[in-house]
Amino acid sequence: MSADYALAVHRLARHIPAGSVLTYGDIAELLGLGGPRQVGAAMARSDGALPWWRVLRADGTLPADLQARATPHWVEESIPLRHGRVRVPAARWQPDEEAFAILDELASTLASPVVVEETAPKRRGRML
DNA sequence: CTTTTGACAGCGT
DNA sequence: CACGCTGCCAAAA
């Protein structure tokens, strides 16, 4: 994963409004590049200066240690929970047109640099 | 170059 | 609802 990919993930994460969340897969799809694991790798390298607790697994959980630190934030932001984990369907951020434009712009900064052959966007049987 | 690894996802049991 | 397996993809070993 390139450094700019990680940067894009981090920047995108900062656009998630308080009270909402996105899954790793969502972010990968919004960026139009990489997959859930790539996003996870990028998050692992984040400096903590971003709302990392709003980026979670598709099932609304996070690795144990992180989840413990995230819960207070979830409560603070009134993110819908159930059985201690986030109810993703209810909490998932739905970007409005304005936000969408920004994210799209953000994504374009990635897939552009000297694209030699980025013809076949990797599909991985998941849609939003 | 091959193998292992990891802030993942989906499906079956 | 909780595990366990399998598929995935790129980076690191």
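Below, read A as the first sequence line, B as the second, and so on, with proteins coming before strands; counting in each chain starts at 1. Quantities reported herein were computed from a predicted structural model and do not represent experimental measurements.
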Rounded interatomic separation in angstrom, taking [atom1] from [X] and [atom2] from [N]:
X: A:L81; N: C:dC1; atom1: CG; atom2: P; result: 14 Å
X: A:Y24; N: C:dA10; atom1: OH; atom2: P; result: 19 Å
X: A:H83; N: C:dA2; atom1: NE2; atom2: C1'; result: 12 Å
X: A:M43; N: B:dC8; atom1: CE; atom2: P; result: 11 Å
X: A:R45; N: B:dC8; atom1: CZ; atom2: C1'; result: 18 Å
X: A:D59; N: B:dC11; atom1: CG; atom2: C1'; result: 13 Å
X: A:R57; N: B:dG10; atom1: CZ; atom2: P; result: 13 Å
X: A:R82; N: C:dC1; atom1: CZ; atom2: P; result: 6 Å

**Nucleotide of B:dC8, C:dC1, B:dA7 approaching A:P36 most closely (side-chain heavy atoms)** = B:dC8
**Message:** For residues A:L7 and A:V39: do they belong to one hydrophobic cluster (side chain heavy atoms under 4.5 Å, members Ile, Leu, Val, Met, Phe, Trp, Tyr)?
**Reply:** no
**Complete:** Taking every heavy atom of A:M43 against every heavy atom of A:V9, the minimum-distance pair comes out as SD-CG1, 3.9 Å
**Prompt:** Can A:R85 be said to sit on top of A:W74's aromatic six-ring, NZ or CZ under 6.0 Å from centre and within 45° of the ring axis?
**Reply:** no
**Asked** Taking only side-chain nitrogens and oxygens of A:R37, does any of them come within less than 4.0 Å of OP1 or OP2 of C:dA10?
**Response** no
**Message:** If we ignore hydrogens and angles and just use 3.5 Å, is the side chain of A:Y24 paired with the main-chain N or O of A:A41 as donor and acceptor?
**Reply:** no
